[in-house]
*Asks:* 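Mind looking over this structure? Questions follow.
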Protein chains: 2
Amino acid sequence: MTFDAIDQKLIHLLQRDSKQTNKELSNKLNLSVTAVYERIKKLENQGVISRYVALVNKEKVDKSFVAFCHIKLTQHAQDYVVKFEKEVTNLQEVLECYHISGDYDYLLKVLVKDMEAFREFMVNRLTKINHIGSTHSMFMINEVKHTTAITV
Amino acid sequence: MTFDAIDQKLIHLLQRDSKQTNKELSNKLNLSVTAVYERIKKLENQGVISRYVALVNKEKVDKSFVAFCHIKLTQHAQDYVVKFEKEVTNLQEVLECYHISGDYDYLLKVLVKDMEAFREFMVNRLTKINHIGSTHSMFMINEVKHTTAITV
DNA sequence: GGTGAAATCCTCGGGGG
DNA sequence: CCCCCGAGGATTTCACC
C-alpha cells in the first residue's frame with residue numbers, strides 16, 4: 001500500500017479534524033471536491049482509515065486520575081491468558097491493555113475519577129480477576145503529549 | 001457539569017462513530033433531529049467533546065512496532081524539564097508522553113516501523129535530547145485493548 | 001481528475017409544553 | 001429549559017466526460 005503526497009496530507013488533515021467538509025479539504029489540497037471524496041472513500045475501503053470518533057475531554061467528565069499498571073500472571077497456560085485478556089477488556093476503566101516484553105506481562109492504562117476510585121478499582125475490580133500474580137502501579141502526574149495521529 | 005441518560009448515550013455513540021447522521025442518532029435516542037443537534041452543540045460548547053478525528057490503522061501505514069520507554073532525567077531543574085518535554089513533544093514517533101510517579105520520571109509510547117527503526121529512533125532521536133539519565137524500554141507483543149472512548 | 005445535479009443533511013427561526 | 005416542525009442552504013454522492 002502506497003500513498004502519494006496528497007494522500008499523506010489528507011490523512012494528516014483528517015486525523016486532526018474529521019469534521020472538515022470535502023470543500024475545505026479540496027481547498028487545502030488543491031483538488032476538486034469529488035477527487036477528495038474518492039480519495040477518502042479509497043482510504044476507508046482500504047482500511048487505512050478505520051473509523052471516525054469524537055474525543056471527550058476526560059476532566060470535563062470527572063475522570064482526572066490516570067494510572068499505569070504493570071501486571072504479572074501467576075501462570076501462562078493458554079486458557080488463563082485468554083481469560084485474563086477477556087476480563088480485562090471488559091473493564092471500562094481500562095482504556096488500553098498491552099501484552100509486553102520485560103519483567104511484567106501486561107501494561108494497562110486505567111482511567112478513573114480519583115485516587116479513591118483507583119483504590120476501589122484495584123481492590124474490587126482488577127484483582128478479582130484470577131491468576132494475577134503481582135502488580136505495580138504508577139500514577140500520571142502530567143500528560144505531556146497525547147495524540148491519536150500517526151505520521152504516515 | 002451534569003449529564004442525563006440521553007447525554008450519556010449520545011456521548012457513548014459519538015465516541016464510537018462520529019460519522020453517524022443526526023437522523024440516525026435521533027432514532028437511537030428517540031429524539032428529533034433538532035434535539036440531537038442542540039445536545040451535540042451544547043457538548044461541543046462545553047468542551048466535553050473536544051474534537052472529531054479519523055483513526056488510522058497503524059499496520060496499514062507500516063507502523064507495527066510499539067515500544068514503551070521509561071525515562072529518568074539526570075537533573076530536575078525547571079528549565080531542563082521544560083526543555084525535555086518540549087523536545088519529546090516534537091518527536092513524531094512519540095504518540096504519548098506522561099510524567100509519572102515511581103522510579104522513572106516519564107513513560108513514552110513510541111510507534112515506529114520495526115525494531116530497526118526503533119533502534120534508530122533511540123540512538124539518533126531520543127537520546128539526542130539532553131539530560132536523559134537512564135532509559136528502560138519494553139516492547140509490545142500484542143495490543144489486547146485500545147479505546148479512545150471514556151465511560152461517562 | 002473534473003462537472004453538474006439529485007439526494008441527503010445541517011442549521012436555525014418559530015412555536016409548544 | 002427542553003423539545004418539535006419545517007424550510008433554506010450547504011454537503012455528500014454519483015453518473016458521465
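Owing to the predicted nature of the structure, the values given are computational and were not obtained by experimental measurement. Residue numbers begin at 1 in each chain, while the letters A, B, ... track the order of the sequences.
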*Asks:* On DNA chain D, check which nucleotide each of A:Val33 and B:Leu31 is closest to and give me the residue with the more 5' one.
*Replies:* B:Leu31
*Asks:* On DNA chain D, which is the earliest and which the latest nucleotide, 5' to 3', with an atom closer than 4.0 Å to a heavy atom of chain B?
*Replies:* D:dC2 to D:dG6
*Asks:* In whole Å, what is the span from the CD atom of B:Gln20 to the P atom of C:dC10?
*Replies:*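 My rounded result for the distance is 11 Å.
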*Asks:* Between A:Phe139 and A:Phe118, what is the ring plane arrangement, given parallel below 30°, perpendicular above 60°, and tilted in between?
*Replies:* perpendicular
*Asks:* So, are A:Asp114 and A:Arg119 salt-bridged, with charged N and O less than 4.0 Å apart?
*Replies:*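 No, no charged N to carboxylate O under 4.0 Å.
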*Asks:* I'd like to know if A:Lys58 pairs up with A:Glu143 as an ion pair, taking the criterion as any Lys NZ or Arg NE/NH1/NH2 lying under 4.0 Å from an Asp or Glu carboxylate oxygen.
*Replies:* yes
*Asks:* Under a single-linkage definition using a 4.5 Å side-chain heavy-atom cutoff for Ile, Leu, Val, Met, Phe, Trp and Tyr, are B:Met1 and A:Leu55 assigned to the same hydrophobic cluster?
*Replies:*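 No: no chain of side-chain contacts under 4.5 Å links B:Met1 to A:Leu55.
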*Asks:* Mind checking if B:Lys42 touches a base, just sugar-phosphate, or nothing, with heavy atoms under 4.0 Å?
*Replies:*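 B:Lys42: backbone/sugar contact only, no base atoms under 4.0 Å.
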*Asks:* Among A:Val36, A:Leu25, A:Asn27, find the residue that satisfies the side chain to side chain contact (heavy atoms under 4.5 Å, CB included) test when tested with A:Gln20.
*Replies:* A:Leu25
*Asks:* With the 4.5 Å side-chain cut-off for hydrophobic clustering, are A:Ile100 and B:Leu108 part of the same group?
*Replies:*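 Cluster IDs for A:Ile100 and B:Leu108 differ.
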*Asks:* Using atom names, set out every protein N or O paired with an N or O of nucleotides 4-9 of chain C below 3.5 Å, distance rounded to 0.1 Å.
*Replies:*
residue	atom	partner	partner atom	Å
C:dG4	O6	A:Thr34	OG1	3.3

*Asks:* Apply ring-ring contact (aromatic ring centres under 6.0 Å, His included) to residues B:Phe68 and A:Phe68 and explain how you reach the verdict.
*Replies:* CA-CA 12 Å; B:Phe68 297 94; A:Phe68 296 94; 8.4 Å; no
*Asks:* Taking atom types as modelled, is there a side-chain donor on B:Tyr80 or B:Gln78 under 3.5 Å from an acceptor on the other?
*Replies:*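 No donor-acceptor contact under 3.5 Å links the two side chains.
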